[in-house]
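One structure below.
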There are 2 protein chains.
Amino acid sequence: MDKKAVLALIGRIHSKANEYITQELEKRGIRGLVVSHGEILVNLYRYQRLSMKELAGKIDKRKNTLTVLVEKLIEFDYVEKTPSPEDGRFFYITLTEKGRLFQKDFEEISTNVYSLIYTGFSEADQEKLMELLEKMYKNL
Amino acid sequence: MDKKAVLALIGRIHSKANEYITQELEKRGIRGLVVSHGEILVNLYRYQRLSMKELAGKIDKRKNTLTVLVEKLIEFDYVEKTPSPEDGRFFYITLTEKGRLFQKDFEEISTNVYSLIYTGFSEADQEKLMELLEKMYKNL
DNA sequence: TTATATTAGTTCTATATAGAACTATTAGAT
DNA sequence: ATCTAATAGTTCTATATAGAACTAATATAA
């Protein structure tokens, strides 16, 4: 195979994986959300409370994109946004009860997608792949 | 590093690489085009004449997306579209003179981006990476 | 031969995403 | 203390992308 196809391949994996995850979300009745919304929620499961800027950093998207993504999560009642009392520029995003309710689903989907993509991969392969991709990312 | 970060990493590489390529295009005065347009042109450099459906297959995008992408390439005079005389359902996309003129630029950009991302990679690393990514893609 | 199915492509609509310009708030310099 | 910088976030606009429904043309089956 042509080694010059690696970027195309990465793009295809990216979009196929997103497609798979979106389908898994729909299977569990989570409609209208895409992977980026899921990444936001997963970060909130881990950190409980994050500002817009922190979230943007975590999921590697611009802050205006975050505004749109979080608006949707608020609309669907997964998260809420409250202004910081200490610094009027900050807004804190936290999970609602409904948001917390879906934690298990998101964890299961994550487990499923990883066991799918890593089918046939040894531990060493998984580590090697991460190592090479990290090196590639740092080159960019 | 968490092996469960591989999809996020792939997404980041994908978008960083696209960003880099778009910047390289702009440096050479090619404005308004993104990587997908470049992929179309590169396929036309190789195959000269392709139908919309064939192009969609080559760049792994839906046919309605192709319609939009090709419209832009026509608008900027990189390609032209002519109906097939044999089968009225097909349209053939071919390069214009201006399109051919930029072949060298696209090839240089491709060479540059690959020498960038593969910095510090041995031949064996490059092959291993392709092998692992192909396996991952087939799993999806 | 004619009816049906398939195929190539477009149109319409929705949306994630980003760039640019903007507001509002806080920090820093003098 | 006041002026300027920086920072957090939003709004506006543009666009790649896809799903669904559509048109037009060809292939297939009866």
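If you're wondering where the values come from, they're calculated on a predicted model, not measured in any experiment. Below, read A as the first sequence line, B as the second, and so on, with proteins coming before strands; counting in each chain starts at 1.
- In this structure, CZ of A:F90 is placed 12 Å from P of D:dT10, rounded to the nearest angstrom.
- Base-pair partner of C:dT26: not found among the strands shown (Watson-Crick or G-U wobble, both distances under 3.5 Å).
- Regarding contacts with the backbone of D:dA18, a side-chain N or O of B:T65 is found under 4.0 angstrom from either OP1 or OP2.
- Residue B:K63 has its side chain nearest to C:dT10 when only D:dG9, C:dT25, C:dT10 are considered.
- In this structure, CZ of B:R62 is placed 20 Å from P of D:dC22, rounded to the nearest angstrom.
- Atom CZ of A:F91 is separated from atom P of C:dT23 by 16 Å (rounded to the nearest Å).
- Rounding to the nearest 0.5 Å places OG1 of B:T96 at 10.0 Å from CD1 of B:I74.
- Atoms CG (A:L69) and C1' (C:dT15) sit 10 Å apart, rounded to a whole Å.
- Listed candidates were D:dA18, C:dT17, C:dG9. Nearest to the side chain of A:K61 is C:dT17.
- Mapping B:I59 and B:P85 onto DNA chain D by nearest heavy atom places B:I59 at the nucleotide closer to the 5' end.
- Using a 4.0 Å heavy-atom cutoff across all strands shown, A:L66 reaches no nucleic acid atom at all.
- Here the C1' atom of nucleotide D:dG9 and the CG atom of A:L50 are 16 Å apart, to the nearest Å.
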* Show your reasoning for whether side chain to side chain contact (heavy atoms under 4.5 Å, CB included) applies to B:Y118 and A:M136. => CA-CA 7 Å; B:Y118 276 147; A:M136 181 171 279; 3.7 Å; yes
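- Ring geometry, A:F106 versus A:Y45: the interplanar angle falls from 30° to 60°, so the pair is classed tilted.
- Going from atom CD of A:E86 over to atom P of C:dT26 covers 11 Å, rounded to whole Å.
- For B:R89, whose side chain is taken as the heavy atoms from C-beta onward, the closest listed nucleotide among C:dT15, D:dA25, D:dA8 is D:dA25.
- The side-chain heavy atoms of B:Y78 and B:I40, taken from C-beta on, include no pair separated by under 4.5 Å.
- For the pair B:T22 (side chain) and B:N18 (backbone), a donor-acceptor distance under 3.5 Å is present.
- Base pairing of D:dA5: no nucleotide in any strand meets the Watson-Crick or G-U wobble criterion (both distances under 3.5 Å).
- In C:dA5 the O4'-C1'-N dihedral to the base is more than 90° from 0, which defines an anti nucleotide.
- In this structure, A:K53 reaches the sugar-phosphate backbone alone: every heavy-atom distance under 4.0 Å involves primed, P, OP1 or OP2 atoms, never a base.
- At a non-hydrogen distance threshold of 4.0 Å, nothing from residues 9-44 of chain B comes into contact with DNA chain C.
- Counting heavy atoms from C-beta on, the side chains of B:K128 and A:D125 come closer than 4.5 Å.
- In the set D:dT10, C:dT15, D:dA16, the nucleotide with an atom closest to the side chain of B:K72 is D:dA16.
- Summarising the local packing, NZ of A:K104 is surrounded by 12 or fewer heavy atoms from other residues, nucleotides or ligands at distances under 6.0 Å.
- The A:M52 side chain lies nearest to D:dT10 when the options are D:dT17, D:dT10, D:dT11.
- The base of D:dG9 lies outside donor-acceptor range of the side chain of A:N64, with no N or O pair under 3.5 Å.
- When side chains are defined from C-beta on, B:R28 counts as touching B:E108, because their heavy atoms get closer than 4.5 Å.
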